[in-house]
Amino acid sequence: MAIQVGEKAPDFELKDNHGRAVRLSDFRGRKNVVLLFYPFAFTGVCTGELCELRDNLPQFSDRDTELLAVSNDSIHTLRVFGEQEGLEYPLLSDFWPHGNVSRAYGVFDEDKGCAVRGTFVIDKEGVVRWTIVNGLPDARDLNDYVKALDSL
């Protein structure tokens with residue numbers, strides 16, 4: 001079951017697409033976080049979602065929010081994907097131990113071996129304030145994130 005609104009977001013440390021360590025707790029007290037899990041780089045729906053976020057980054061930065069996108073791909077795959085698509089926000093690798101962070105948030109599909117489309121809006125105190133979990137083929141609506149951020 002996915003983490004629920006009102007719960008403290010589990011802290012984690014993952015490597016980004018450039019090999020840098022990123023900790024959720026590094027943003028505590030400084031920025032809100034939109035934590036976005038997606039199944040795999042280079043797939044149609046995922047690429048569409050992540051490019052839409054790329055094209056609308058001011059919607060997040062203007063709201064004092066860090067966007068963190070997590071998949072179960074390796075950092076090497078994410079580096080190439082980020083470069084190919086011009087993604088300038090962190091792509092975090094939950095590759096090894098495989099899916100540990102996705103499991104902690106309750107969005108890992110054991111049968112498919114990847115995260116489903118889970119999104120968590122986390123406030124500056126580290127509390128989940130909004131969430132949605134979609135199935136693998138179902139894209140999310142960027143406007144829902146913006147509305148959730150505006151309600152903080």
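This one's a predicted model, so the numbers in the text were calculated from it and none came from an experiment.
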Which residues satisfy the side chain to side chain contact (heavy atoms under 4.5 Å, CB included) test with R54, sequence neighbours excluded?
C51, E85, L87, Y89
Output all residues satisfying side chain to side chain contact (heavy atoms under 4.5 Å, CB included) with D150, sequence neighbours left out; order by chain, then residue number.
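Here the qualifying residues are R63, V146.
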Backbone N or O of [Y] within a donor-acceptor pair of the [X] side chain at under 3.5 Å?
| X | Y | value |
| --- | --- | --- |
| D109 | G113 | no |
| E7 | Q4 | yes |
| D16 | L92 | no |
| T131 | T119 | yes |
| H76 | N17 | no |

Using the salt bridge (Lys or Arg N to Asp or Glu O under 4.0 Å) rule, take R30 and E66 through it: C-alpha gap first, then chi angles, then the decisive distance, then the call.
CA-CA 10 Å; R30 297 186 316 109; E66 183 70 30; over 6 Å; no
Are [X] and [Y] close enough that some pair of their side-chain heavy atoms sits under 4.5 Å apart?
| X | Y | answer |
| --- | --- | --- |
| V127 | I122 | no |
| T65 | V33 | no |
| L78 | F95 | no |
| L53 | L36 | yes |
| D11 | R23 | yes |
| V107 | V133 | yes |
| V121 | L152 | yes |
| L14 | S93 | no |

Among the clusters formed by ILVMFWY side chains lying less than 4.5 Å apart, do [X] and [Y] turn up in the same one?
| X | Y | value |
| --- | --- | --- |
| V128 | F27 | yes |
| L142 | V34 | yes |
| L91 | V80 | yes |
| I132 | Y38 | yes |
| L68 | I75 | no |

Between [atom1] of [X] and [atom2] of [Y], what distance do you get to the nearest 0.5 Å?
| X | Y | atom1 | atom2 | answer |
| --- | --- | --- | --- | --- |
| L50 | L67 | CG | CG | 8.0 Å |
| L24 | K8 | CG | NZ | 9.5 Å |
| L149 | S151 | CG | OG | 7.5 Å |

More than 12 non-hydrogen atoms from neighbouring residues, nucleotides or ligands closer than 6.0 Å to CD on E88, yes or no?
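Incorrect, the count does not exceed 12.
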Quick one, F37 with F108, criterion side chain to side chain contact (heavy atoms under 4.5 Å, CB included). Give me CA distance, side-chain angles, the key distance, then yes/no.
CA-CA 9 Å; F37 291 87; F108 190 78; over 6 Å; no
Tell me, which pairs form a side-chain hydrogen bond (donor to acceptor under 3.5 Å, both in side chains) where one or both residues lie in residues 39-53, sequence neighbours left out?
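Found E49-R117, E49-R140.
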Please, which pairs that meet side-chain hydrogen bond (donor to acceptor under 3.5 Å, both in side chains) have at least one residue in residues 121-130, sequence neighbours excluded?
D64-K124, D123-R129
Plane angle bin for Y105 and F12 - parallel if under 30°, tilted between 30 and 60°, otherwise perpendicular
perpendicular
Minimal non-hydrogen separation, [X] against [Y], with atom names:
| X | Y | result |
| --- | --- | --- |
| F40 | C114 | CZ-CB, 3.3 Å |
| R28 | G126 | NE-CA, 3.6 Å |
| G19 | R79 | N-NH2, 4.2 Å |

With sequence neighbours left out, write down each residue that passes side chain to side chain donor-acceptor pair (under 3.5 Å) with S71, or none if nothing qualifies.
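Applying side chain to side chain donor-acceptor pair (under 3.5 Å) to S71 gives D73.
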Partners passing side chain to side chain donor-acceptor pair (under 3.5 Å) against T77 (at least two apart in sequence or in another chain):
S74
Should N72 and H98 be marked as a side chain to side chain contact (heavy atoms under 4.5 Å, CB included) after you check the CA-CA gap, both sets of side-chain angles, and the distance that decides it?
CA-CA 7 Å; N72 304 116; H98 190 69; 3.7 Å; yes
